[in-house]
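Data first, discussion second: the structure below is written as structure tokens.
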Amino acid sequence: MYNHKQIEKKWQKIWEEHPELYRADDKSKSEKKYILDMFPYPSGDGLHTGHVESYTATDIISRYSRMKGFNVLHPQGWDAFGLPAENYAIKTKIHPAITTKKAIANFKEQMKMMGFSYDWPREVNSSDSDYYKWTQWFFLLLYKNGLAYKKKGKVNWCDSCKTVLANEQAENGICERCKNPVEQKDLEQWFFKITDFIEDNEQTSGLLSGLDKVDWPESTKMAQRNWIGKSEGTTIKFSIFNFQFSNKFKNSNVQNYIEVFTTRVDTIFGCTYVVVAPEYKLIQELKDQVKNWLEVENYIEKAKKKTDLQRMETKEKTGVKLEGIEAVNPFNNETIPVFVADYVLGHYGTGAVMAVPAHDERDYEFAKKYDLPVKEAVAPYLKDNPRQDKNTEKRNVVTAIVKNPKNNNYLCLDWKTTEWKSFPAGGIEKDDLITAAKREIEEETGYKNIKFIKQIGDSVFAEFYRPHKDSNVYAHFKYLLFELENEEMAEVSQKEKNQHEVVWIEENKVDFFINVWNQKLIWKKYRQGGFAYCEDGILINSAEYNGLTSEQARQQLIEWLEKEKIGQKKTNYKLRDWLVSRQRYWGAPIPIIYCDVCGEVPVSEKNLPVELPTDVDFMPTGESPLVNSKKFQNVKCPKCGLSAKREADTMDTFVCSSWYYLRYSDPKNKKEFASKKKLEKWLPVDLYVGGAEHTVLHLLYARFFTKVLHNLGYIDFDEPFIKLRHQGIILAEDGRKMSKSFGNVVNPDDVVKQYGADALRLFEMFMGPLEDAKQWNTKGIIGVVRFLERVYKLISRISHESKINKLESNGNELNILLHKTIKKVGKDIEALKFNTAISALMILLNEMEKQPCKPQTANCKFFLKLLAPFAPYLAEELWSQLGNKESIFKQSWPEYDSELIREKKVILVVQINGKVRDKIEVDADISEKEAKEVILFQKKIQEWLQKKEIKKMVFVPGKLINIVIK
RNA sequence: GCGGAUGUGGCGGAAUUGGCAGACGCGCAGCGUUCAGAACGCUGUGGACAAAAGUCCAUGAGAGUUCAAAUCUCUUCAUCCGCACCA
């Protein structure tokens, strides 16, 4: 009987004694493959099912690649510094070094239990001084190259964690760790200049364009691009009316303009006011001119007090007009009012915007509230609409036929005049109306095949485009119902309304209703009176720029601005520099010393590491805990020798995890973070697998580090992870997230105890594609358990029964299937499609069991090799039962015989009008002519073809033939 | 709101250069084995009609392109994820 406990225990021990099985060979000449898991944070809870999923995936690929002859680097380590460990320590009053050590031991134990083939001698631990020495070294490297700097400014402060946070860790104004709202504090902090690497430089591809050359999930690339938030636009100076550009002020220190940033200069003629953020410095300068200064000051004070969260909570736009101040639109010299409002962000762009209520929803809302004019400047232009499809020209007419339920009259929309005609009940049929309308339209326009695209109950609708009355702009109407005269609208059930987004329009407003792909939004705004279309179009009401497309207009407008020196092209980014200081204990100390005389002095490289003291009270106070250690803090200045103080903040843990993948190539190196030779040998990472929660933070930071090192000549690649995949989340059986509070956590230990590690590995891989979210199903595991048991039964039978294999002869068909499976499993592993690889193995096993005679040992050996990456324990055990002395993982992956698996005979599918009517076996390479002859003699086909005229026959070699009949 | 992804039997999921929809597994049903159960083995298993052969319907919904659509295009709905007053 298959005893997983015994087998797994046995091989765990043997593998432990032979670490060379999984060793990455620094000297080997074979092609390298670096397969990496995101190193885990060792929590006290141990491995969870998600870890098992991604680690099994990389383990399968590692084992497979080794058998394929690659020199595989598959290491593991510990992201040991960080807030969770420290918070746990605070709670339990046990030092984080102790709890972390314990957790690591537990993790390692569990990983060995799962049979993961890590190269343990390369293990790294980010909280070891051997490791963080180099984290500090990187800090100094950045510092020396002007990429680490200290700056006072508004930073995110979490009062619960008592530390500052990076923007990335304080999304939506909430602390990523403890979910408390984040405050803004003015503090002096260390930053890394990540913004220097957004765009390409001479040596290195930027964070943006680098994404184009890596094989990553599209969603992850998008998230990064989004986070970087590049937008190209222009700045424009709006002179202040009271300070109109004049020689008098040219040399004055007072700024006499408001500079705004916009991506839509083309809408400038629709600009009816200007808004500045409360933080906008110029306001203070204008103090004397603003008549309602008290009110303005009051508003600014209030806005400053709000946290980001509060700002977002109140969706209603508020603001105050700066009385006595007016700005001038440089294009038409109109004077427009200036507001201060907190819907404009101080830290983005120039902190001021030109407001175009007709084309910007936020401006529109504000304009409505404060009763400001709405002026359109852009009308939609059909030709420029990227979503226009190739049939648009044929469909530029609409009509609607609607039944009035009260009197059963039909209303027919005259497509030319958009007037409604009423047809009395019974006098005419709906179908006749449709036909008549179609004919009329066809005759008038010359367009054939007018199609009515929608029918709801008795109402019929079509699409059309017709010229706007003031311009050549085409409007697109869709699913329209017109309300007219006293005829009541045809009744459309609520459900249908929801389904089809029926838009109700009054006839006399039709001409205002220009365009629209998203008519719901636009129409609502029209009802309120003025908001229009926001995408690119053609300019209207824009003086000499009328008629230009947005694209052309932007170009010309910017040219003019640059010529007049009142504006220029500009690119803005949302990404800001990376704030790395943390007022916490459990992290790598920042290697800087402050001297009263020399100021900021970096610790010299030879004095690294700056050891984290162990005798510190780590309870958070808001001040860095390291301040408490006099021994740590009081030092001599490296420059002048006078007494000085160490920086007491530690580094963000993401700094530690930004370079760990480099260290694995040379983990014991005392002189460098890794030798150039070894970096060249092993990096970049060929496959990186880990959770999707790291799409922005870790992956962006790691890329930044790589780019810095590349730029400074340390490494020869500028993207660290060539191929990246995320494992999908495994949900609990109840469909919710696994969580201690729900009590629905599946513990891998329990599953292994009951079914074995092989079963758990196999099951998690069989559940579905690696990247999909999956729901745990306890019943499902029985399927793979049965599979393993049947494998054991089948193969152990050979070794236990007689050794006479002479008479055994498995059919050629089985042999073909075996070779097909070799091909399929290999291909699937490479494509990370483990679920279908396993199913191929199941199919092969089913066939082997069906054979009348005992399976051939040779076939079993093939089978075991294919199974080995998935279920290493069972495969190794049966392999040795077959009398093999050397580990199965030292064997090479079987080759398939491509001649053998070439199909000689195929089932040709015979379709008639696209429906399968017959299948016949023919030679794989049958010619079209032969095939046609053969199938026409088939009885079934003849029956189908009786007296019918064959219009056409389509032949797909080796697959199918489709007969088209009348 | 913007961006991304997904939608196929009772369930997990196969099939993506357009070419037999539902591989493999779970579950369920019947039979065998058994004193009985468990386990195991065999058979069946998308829906409708039919004794059967078979026919028709079916990949969230609606249209389109095509000899042929789960797959391509458009529209629409739902769910999940990311970003979100970024001008």
Side-chain angles (χ1 to χ4, degrees), chain A residues 171-172 217-227 229-231 233 260-264 267 275 277 311-312 314-315 317 341-345 347-350 352-356 359-363 365-366 387-392 451 453-455 463 478-479 498-501 517-518 521 572-574 692-693 695-696 729 763 766-769 771-784 786-787 789-790 793 833 835-836 838-843 846 849 907-916 918-919 951-956 958-965:
Chain A
E171 283 176 27
N172 302 324
E218 201 48 44
S219 56
T220 303
K221 291 189 191 179
M222 280 314 295
Q224 294 220 349
R225 287 194 192 106
N226 237 324
W227 188 260
K230 178 178 183 169
S231 56
V260 304
F261 173 75
T262 180
T263 54
R264 291 296 303 273
T267 63
V275 195
R311 264 200 191 192
M312 271 179 273
T314 45
K315 277 180 193 134
K317 307 257 177 300
D342 67 1
Y343 82 90
V344 173
L345 305 172
H347 57 70
Y348 184 78
T350 58
V353 302
M354 62 176 221
V356 185
H359 302 298
D360 183 284
E361 220 179 328
R362 296 153 302 181
D363 296 340
E365 267 174 54
F366 191 82
R387 292 169 72 177
Q388 175 186 6
D389 73 41
K390 60 178 185 210
N391 296 320
T392 301
K451 278 187 180 146
I453 59 164
K454 200 69 168 186
Q455 186 150 0
E463 286 179 282
K478 199 161 175 194
Y479 310 157
N498 293 342
Q499 251 176 23
H500 302 290
E501 299 289 356
W517 297 98
N518 186 350
L521 172 83
N572 266 323
Y573 304 92
K574 282 199 263 179
E693 67 272 20
T695 48
V696 176
I729 186 170
F763 177 54
F766 189 58
M767 275 163 75
E771 308 212 34
D772 287 7
K774 291 160 281 254
Q775 199 170 326
W776 186 268
N777 178 0
T778 306
K779 276 182 181 164
I781 197 168
I782 203 73
V784 295
R786 278 180 198 154
F787 168 71
E789 278 172 353
R790 280 162 50 208
K793 227 195 267 179
K833 290 167 83 177
N835 52 336
T836 48
I838 294 168
S839 105
L841 288 170
M842 287 172 166
I843 293 168
N846 289 346
E849 281 181 333
I907 305 291
L908 190 73
V909 173
V910 186
Q911 295 184 333
I912 293 174
N913 284 349
K915 293 211 165 122
V916 182
D918 202 4
K919 295 170 189 181
K951 272 170 76 178
K952 188 175 175 184
M953 276 175 142
V954 181
F955 177 70
V956 183
K959 275 199 176 143
L960 125 169
I961 192 155
N962 190 9
I963 307 170
V964 186
I965 58 175

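Every chain is numbered from 1, with letters handed out A, B, ... down the list of sequences. All values derive from a computational prediction rather than experimental measurement.
When each of A:Lys915 and A:Asp772 is assigned the nucleotide of RNA chain B bearing its nearest heavy atom, the one mapping closer to the 5' terminus is A:Asp772. Remark on RNA chain B: of its neighbouring residues A:Phe261 and A:Ser839, the 5'-side contact belongs to A:Ser839, judged by nearest-heavy-atom nucleotide.
Separating the CG atom of A:Asn962 from the P atom of B:C20 is a distance of 11 Å, rounded to the nearest angstrom.
Contact annotation for A:Lys779: backbone-only contact, meaning every heavy-atom pair under 4.0 Å involves sugar-phosphate atoms and none involves a base. Using a 4.0 Å heavy-atom distance criterion, A:Arg225 is classed as making no nucleic acid contact. Residue contacts shown for A:Pro769 are limited to sugar-phosphate atoms, with no base heavy atom under 4.0 Å away. Contact annotation for A:Ile843: backbone-only contact, meaning every heavy-atom pair under 4.0 Å involves sugar-phosphate atoms and none involves a base.
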Using a cut-off of under 3.5 Å, enumerate the N/O to N/O pairs linking the protein to nucleotides 8-12 of chain B.
from: B:G12; atom 1: O2'; to: A:Met767; atom 2: O; distance (Å): 2.6

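On a pure distance criterion of 3.5 Å, no polar donor-acceptor pair joins the side chain of A:Lys952 and the base of B:C67. For B:C85, the base has a donor-acceptor partner in the side chain of A:Lys317 [N/O atoms by modelled type, under 3.5 angstrom].
A:Lys230 forms no cation-pi arrangement with A:Tyr573, by the criterion of a distance under 6.0 Å to the ring centre and an angle within 45° of the ring axis.
B:U66 and B:C74 are spaced 16 Å apart, taking the C1' atom of each and rounding to whole Å. B:A70 and B:U16 have their C1' atoms separated by 9 Å, given to the nearest Å.
Base-pairing analysis of RNA chain B finds the following stems of at least three consecutive Watson-Crick or G-U pairs, with both pairing distances under 3.5 Å: B:1-7 with B:77-83, B:10-12 with B:24-26, B:27-32 with B:40-45, B:46-49 with B:54-57, B:60-64 with B:72-76.
Ranking B:G82, B:G4, B:C24 by closeness to the A:Ala223 side chain, first place goes to B:G82. Taking every side-chain heavy atom of A:Lys833 into account, B:A15 is the closest of B:A15, B:A87, B:G27. When distances run from any side-chain atom of A:Trp227 to the nucleotides B:A87, B:A84, B:C20, the shortest one goes to B:A84. Taking only side-chain atoms of A:Val916, from C-beta outward, the nucleotide of B:A87, B:G13, B:C20 with the closest atom is B:C20.
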